[in-house]
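Just follow the structure's listing: the first ligand is 1, and inside any ligand the first atom is 1.
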Amino acid sequence: MEVHQTDSLQLPGSVVAIGAFDGVHRGHQAVIREMVKNSRLEGVPSVVYTFDRSPRSFFQGAQVLTTPKKKIQLMEDLGVNHIVLANFDQQYLQRTADDFIEEVSLLNPLRIFVGDDFRFGHKRTGDVTLLKQHFAVPPIPPVRSMDGERISSTRIRELILQGKQEQALPLLGWT
Ligand SMILES: Cc1cc2nc3c(=O)[nH]c(=O)nc-3n(C[C@H](O)[C@H](O)[C@H](O)COP(=O)(O)O)c2cc1C
Ligand SMILES: Nc1ncnc2c1ncn2[C@@H]1O[C@H](COP(=O)(O)OP(=O)(O)OP(=O)(O)O)[C@@H](O)[C@H]1O
């Protein structure tokens with residue numbers, strides 16, 4: 001697996017998943033597995049586009065579940081071919097939604113895997129409706145825990161803060 005900075009990777013075809021993926025929890029794993037499976041079927045490389053720091057930690061000071069190093073290792077274990085690791089800093093977050101679409105276009109994605117609530121670009125102006133005007137975006141079914149609740153990084157952070165590690169760890173699914 002190769003790790004790239006922003007704007008440095010160009011591919012003639014690919015399948016891409018985008019997101020913070022903090023914790024690489026069971027929901028993230030399902031998305032990435034589906035993306036890797038799809039890339040193999042299509043015979044193109046799989047790419048995860050993510051950030052060195054989760055936007056939620058940058059803006060809201062949220063606890064970080066996985067360091068970039070751990071995130072990269074977990075992605076590698078899932079069979080991902082390329083990671084684009086953007087430095088999520090003041091300069092990067094000024095990029096507009098169109099700038100982001102232009103960068104992702106360098107990967108020539110056949111499909112982009114993102115959830116319905118995915119936002120991108122300065123002040124979160126880009127959404128899935130805009131992304132769908134440029135790329136094919138298949139639906140992603142939510143992965144839920146036994147109690148029926150959607151697994152999320154936020155929920156795992158809350159459980160850890162409440163000292164409920166025994167409930168948080170099974171949601172991560174790699175410890
Ligand atoms: C180019 C770019 C610029 C962004 N700028 C902002 C921003 O100005 N304000 C903000 O709250 N989030 C910004 N974000 C973060 C997104 O809102 C979102 O958290 C991120 O794309 C990860 O998506 P996810 O939360 O679905 O994993 C930006 C994201 C990208 C890719
Ligand atoms: N439980 C889940 N089931 C299916 N897809 C998921 C699940 N959780 C996250 N994803 C998808 O994984 C990608 C990355 O998501 P993201 O990093 O925003 O995770 P999150 O757990 O929702 O984070 P947060 O709680 O911090 O918002 C998105 O495309 C999102 O839709």
Side-chain angles (χ1 to χ4, degrees), residues 4-7 9 15-38 46-66 68 70-72 74-75 78 80 83-107 109 111-132 134-161 168 170-174:
H4 310 265
Q5 302 204 330
T6 41
D7 303 311
L9 181 63
V15 178
V16 180
I18 311 173
F21 296 111
D22 186 28
V24 195
H25 58 60
R26 282 176 39 219
H28 297 151
Q29 291 163 32
V31 174
I32 294 169
R33 284 207 181 91
E34 185 63 24
M35 194 250 326
V36 167
K37 193 171 93 183
N38 195 255
S46 54
V47 183
V48 170
Y49 189 113
T50 188
F51 312 99
D52 64 342
R53 183 163 174 195
S54 100
R56 238 178 243 283
S57 117
F58 185 93
F59 286 107
Q60 297 161 22
Q63 169 198 7
V64 173
L65 297 171
T66 35
K70 183 69 186 173
K71 202 154 75 160
I72 289 165
L74 292 166
M75 303 274 185
L78 290 165
V80 173
I83 292 194
V84 178
L85 191 68
N87 292 321
F88 198 85
D89 58 16
Q90 278 297 345
Q91 196 183 342
Y92 178 83
L93 68 87
Q94 306 299 327
R95 293 187 180 200
T96 65
D98 286 343
D99 293 338
F100 185 71
I101 285 173
E102 214 171 285
E103 186 193 353
V104 173
S105 299
L106 298 175
L107 307 173
R111 269 175 215 95
I112 297 193
F113 290 78
V114 290
D116 280 353
D117 57 352
F118 175 62
R119 307 299 291 248
F120 57 98
H122 189 47
K123 299 204 167 146
R124 298 169 55 87
T125 47
D127 61 9
V128 173
T129 306
L130 175 63
L131 203 65
K132 282 181 174 167
H134 298 265
F135 310 106
V137 182
I140 300 180
V143 175
R144 300 177 191 279
S145 48
M146 296 287 277
D147 56 10
E149 231 186 293
R150 182 182 177 273
I151 298 173
S152 73
S153 306
T154 301
R155 198 174 146 209
I156 295 170
R157 286 186 200 109
E158 280 167 3
L159 287 169
I160 292 173
L161 278 174
L171 304 185
L172 284 172
W174 50 261

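What you find for Val47 and Met35 is that their closest heavy atoms are O-SD, 3.6 Å. Counting all heavy atoms, side chain and backbone alike, Phe118 lies closest to Ile18 at CZ-CG2, 3.6 Å.
Of all protein heavy atoms, the one lying nearest to atom 22 (C) of ligand 1 is Phe51 CE1, 3.6 Å. Scanning the protein heavy atoms around atom 17 (O) of ligand 1, the nearest turns out to be Arg124 NH1, 2.9 Å. In this structure, the protein non-hydrogen atom closest to atom 15 (O) of ligand 2 is His28 NE2, 3.6 Å. Nearest protein heavy-atom contact of atom 30 (C) of ligand 1 is Gly121 N, 3.4 Å. Considering only non-hydrogen protein atoms, atom 31 (C) of ligand 1 sits nearest to Tyr92 OH, 3.3 Å. Nearest non-hydrogen protein atom to atom 6 (C) of ligand 2 is Arg150 NH2, 3.7 Å. In this structure, the protein non-hydrogen atom closest to atom 29 (O) of ligand 2 is Gly115 N, 2.7 Å.
Only side-chain heavy atoms of Val31 come within less than 4.0 Å of ligand 2; its backbone N, CA, C and O stay farther off. Of all the heavy atoms of Phe21, none lies under 4.0 Å from any atom of ligand 1, so neither backbone nor side chain is involved.
No heavy atom of Phe58 sits closer than 4.0 Å to any atom of ligand 1. Using a 4.0 Å cutoff on heavy atoms, His25 counts as a contact of ligand 2. In this structure, Phe88 counts as a contact residue of ligand 1, since one of its heavy atoms falls inside 4.0 Å of the ligand. Residue-ligand proximity: Arg157 is placed with a non-hydrogen atom under 4.0 Å from ligand 2. Residue contacts with ligand 2 include Pro141, since one or more of its heavy atoms lies under 4.0 Å from the ligand. The closest approach between Pro142 and ligand 2 falls below 4.0 Å for a heavy atom of the residue.
Of the N or O atoms in Phe21, one or more lie within a sub-3.5 Å distance of an N or O in ligand 2. Geometrically, ligand 1 and Lys123 share a nitrogen or oxygen pair separated by less than 3.5 Å. Considering backbone and side-chain N/O of Asp22, none are found under 3.5 Å from N/O of ligand 2. Remark: ligand 1 and Arg119 share an N or O pair separated by less than 3.5 Å (distance only, no angle test).
In the model, Asp147 has a side-chain atom that pairs as donor or acceptor with a side-chain atom of Ser145 under 3.5 Å.
In this structure, atom 9 (N) of ligand 1 has protein heavy atoms in its sub-4.0 angstrom surroundings. Atom 18 (O) of ligand 2 is not flagged as protein-proximal [any protein heavy atom, distance under 4.0 Å].
If you number the atoms of ligand 1 from 1 as listed, the ones under 4.0 Å from a heavy atom of Ala20 come out as 27 (O). Within the listing of ligand 1, atoms 1 (C), 3 (C) sit less than 4.0 angstrom from a heavy atom of Arg95. The contact set between ligand 1 and Phe100, taken as ligand atoms under 4.0 Å from a residue heavy atom, comprises 31 (C). Close approach of ligand 1 to Gly19 (heavy-atom distance below 4.0 Å) involves ligand atoms 27 (O).
Relative ring orientation between Phe100 and Phe120 is described as tilted, the plane-to-plane angle lying within the 30° to 60° band. In this structure, His25 and His28 have parallel ring planes: the angle between them is below the 30° cut-off, well short of the 60° mark.
Distance check, rounded to the nearest 0.5 Å: OG of Ser57 to CZ of Arg157 gives 7.5 Å.
Note: Phe58 and Tyr92 fail the aromatic proximity criterion, with ring centroids not under 6.0 Å apart.
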